[in-house]
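Reviewing the structure listed below.
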Amino acid sequence: MGRIVELEAYIGEDDRASHARFGPTDRNRVMWGRPGTAYVYLVYGMYDCLNVVTEPEGRPAALLVRAVEPITGIEAMRMGRMNAVRGRRRATPEALEAERDRVERLPAARIARGPGLVAAAFSIDRSHTGLDLLDPSSPLRLEPAVAGDRPPQPVWTARIGVDYAGPPWTDRPWRLVDASSPAVSGPRARATA
DNA sequence: AGTTGGATGGTCT
DNA sequence: GACCATCCAACTG
């Protein structure tokens, strides 16, 4: 279990940074589905990324979960990280052993710092697309913050890795981080609003 | 602190 | 056939 400390919003077909810019396809169709649905895609041939559909049915929008601050189940998250590497094509036993060492020494705040690492830590892959993340009985689910949790320090910045979209989409302050968390993947300040 | 290049494969024009 | 909502190691200064 962990706390989501970094999100990016992708809203509408006109958002040139969003997968929805192509209209509905086999890959992105769930973005038009019910809010709370998981959308998981593969980037750069290697990393899965978890998104949560956010708008009512018919409007394509999702939040990319870019970083999670681990709270419990940290050893399971380390296992997830190592299993993700195990699935690679050219994974020699030596490289695997080195990775195991590295992941074991990783501070908790770095286990799920980055969208590809979030999916790896929680053992999420594309087969999870379509899951209802609001179902309280689901093993993978969203839960509201609990009273007494450290209050977040919200900061909005531009989205990361979307230069291909061009302005104004590259500049929209649609990345939300909790600046109080050490588990944020990119810049914590640089607010645009 | 910042830049560069390699890994790796699905998706779309 | 080009592009890509990434990550890490290996450089440079």
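Each chain gets a letter, A, B and so on, in the order its sequence line appears, and its residues count up from 1. Since the structure is predicted, the reported quantities are computational estimates derived from the model, not experimental observations.
Rounding to whole angstrom units, CZ of residue A/Arg16 and C1' of C/dA5 are separated by 16 Å. With rounding to whole Å, A/Tyr41 atom OH is found 6 Å from C/dA5 atom P. Whole-Å rounding puts the A/Met31 CE to C/dA5 C1' distance at 10 Å. As a whole-Å value, the separation of A/Arg89 CZ from B/dG10 C1' is 13 Å. Distance A/Met46 CE to C/dA5 C1': 16 Å, rounded to the nearest Å. A/Leu96 has its CG atom 15 Å from the C1' atom of B/dA7, to the nearest Å. Look at OH on A/Tyr44: it is 17 Å from P on C/dA2, rounded to the nearest Å.
Minimum interatomic distance between A/Gly116 and A/Cys49 (heavy atoms only, all atoms of both residues): N-SG, 4.3 Å. In terms of heavy atoms, A/Ser185 sits closest to A/Glu6 at N-OE1, 2.7 Å. In terms of heavy-atom proximity, A/Pro154 sits nearest to A/Leu176 at CB-CD1, 4.0 Å.
In this model, the phosphate group of B/dG6 is not approached by any side-chain N or O of A/Arg90 to a distance below 4.0 Å at OP1 or OP2. Between A/Arg102 and the phosphate of C/dA9, there is a side-chain N or O to OP1/OP2 separation shorter than 4.0 Å. Between C/dA5 and A/Arg66, no contact under 4.0 Å exists linking OP1 or OP2 to a side-chain N or O.
The pair A/Asp15-A/Arg21 does not count as a salt bridge, with every side-chain nitrogen at least 4.0 angstrom from each carboxylate oxygen. With salt bridges taken as basic N to acidic carboxylate O contacts below 4.0 Å, one links A/Glu143 and A/Arg141. We find that A/Glu8 and A/Arg66 are joined by a salt bridge, their nearest charged nitrogen and carboxylate oxygen being less than 4.0 Å apart.
Of the candidate nucleotides B/dG9, C/dA5, C/dA9, C/dA5 has the atom nearest to the side chain of A/Arg21. Distances from the side chain of A/Arg81 to the nucleotides C/dC8, C/dA5, B/dT8 place C/dC8 closest. When the nucleotides B/dT8, C/dC7, C/dA5 are ranked by their closest atom to the side chain of A/Tyr39, C/dA5 comes out on top.
The environment of A/Met79 atom CE is sparse: at most 12 non-hydrogen atoms of other residues, nucleotides or ligands sit within 6.0 angstrom. Within a 6.0 Å sphere centred on CZ of A/Arg59, heavy atoms belonging to other residues, nucleotides or ligands number 12 at most.
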Polar-atom pairs under 3.5 Å, protein N or O versus N or O of nucleotides 11-13 of chain B: list them with distances, or write none.
| residue | atom | partner | partner atom | Å |
| --- | --- | --- | --- | --- |
| B/dC12 | OP1 | A/Thr25 | OG1 | 2.7 |

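Base pairing in DNA chain C gives the following stems of 3 or more Watson-Crick or G-U pairs, range against range and under 3.5 Å: B:1-7 with C:6-12, B:9-12 with C:1-4.
At least one donor-acceptor pair closer than 3.5 Å links the side chain of A/Asp178 to the backbone N or O of A/Gln153.
Residue-to-nucleotide proximity on DNA chain C shows that, of A/Ala165 and A/Arg113, the 5′-proximal contact is made by A/Ala165.
Ring-centre distance between A/His19 and A/Tyr41: below the 6.0 Å cut-off.
Among the atoms of the strands shown, none is found under 4.0 Å from any heavy atom of A/Arg110.
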